[in-house]
Structures are given as C-alpha cells and as structure tokens.
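To keep things clear, I will list the structure first and then write my remarks on it.
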Amino acid sequence: MAIKSVSIRIEEEMLEKLSYVADYEGRSVNSHILVLIRQSIHSFEEKNGPIDGGIRPDQNVKPARRHSTK
C-alpha cells in the first residue's frame with residue numbers, strides 16, 4: 001500500500017482550532033485528520049454501502065515511525 005501526501009489550504013484560525021482539538025485528543029494534526037477522514041468514509045459507507053477497495057476505514061494506515069540512524 002502506497003502512502004500519499006496531500007496538501008490543503010486552510011485558514012489560520014481553523015488550523016489553530018484543529019490543532020487544539022488534535023492536541024486535546026493526544027494526536028498530531030495529521031493523525032487527527034486521518035481519524036476524521038476515516039469517520040467520514042465510515043459514515044458514507046453506512047449510508048450508501050461499501051466503496052470498492054481493500055482498505056477498511058477502521059484500519060490504521062499510519063506509516064511506521066522512522067528511526068534515526070545517528
């Protein structure tokens with residue numbers, strides 16, 4: 001499975017609030033966005049049926065942490 005990168009434009013105040021919520025939940029902004037995406041996909045599939053594809057929205061697709069070689 002390939003991990004892709006996405007860039008978004010977001011208002012500064014919205015990013016600050018998202019960062020606050022993510023920190024409150026003990027997540028990075030990136031991890032929190034992935035949680036929100038999974039919830040959105042799950043909600044869509046509950047209402048409209050499964051979307052073709054091998055990855056279920058409840059699976060963790062976060063890449064493994066890279067260890068420093070210093």
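Treat the numbers as computed from the prediction; the structure is a model and nothing was measured.
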What residues, two or more places apart in sequence or in another chain, satisfy side-chain hydrogen bond (donor to acceptor under 3.5 Å, both in side chains) together with E13? K17
Y20: what forms a side chain to side chain contact (heavy atoms under 4.5 Å, CB included) with it, not counting sequence neighbours? none
Can you give me the closest heavy-atom contact between I51 and E45, atom names plus distance? N-OE2, 2.9 Å
Would I10 and I37 show up in the same hydrophobic cluster when neighbours are defined by side-chain heavy atoms closer than 4.5 Å? yes
Residues that V29 engages under side chain to side chain contact (heavy atoms under 4.5 Å, CB included), provided they are two or more places apart: L15, L18, S19, A22, I33
Is the number of heavy atoms from other residues, nucleotides or ligands within 6.0 Å of CD (E11) greater than 12? no
Joint hydrophobic cluster, M14 plus V35, side-chain heavy atoms closer than 4.5 Å: no
Got a second to check how far N30's CG is from H32's NE2, nearest 0.5 Å? 11.5 Å
Pairwise distance OG(S28) to CG(L34) - rounded to 0.5 angstrom: 8.0 Å
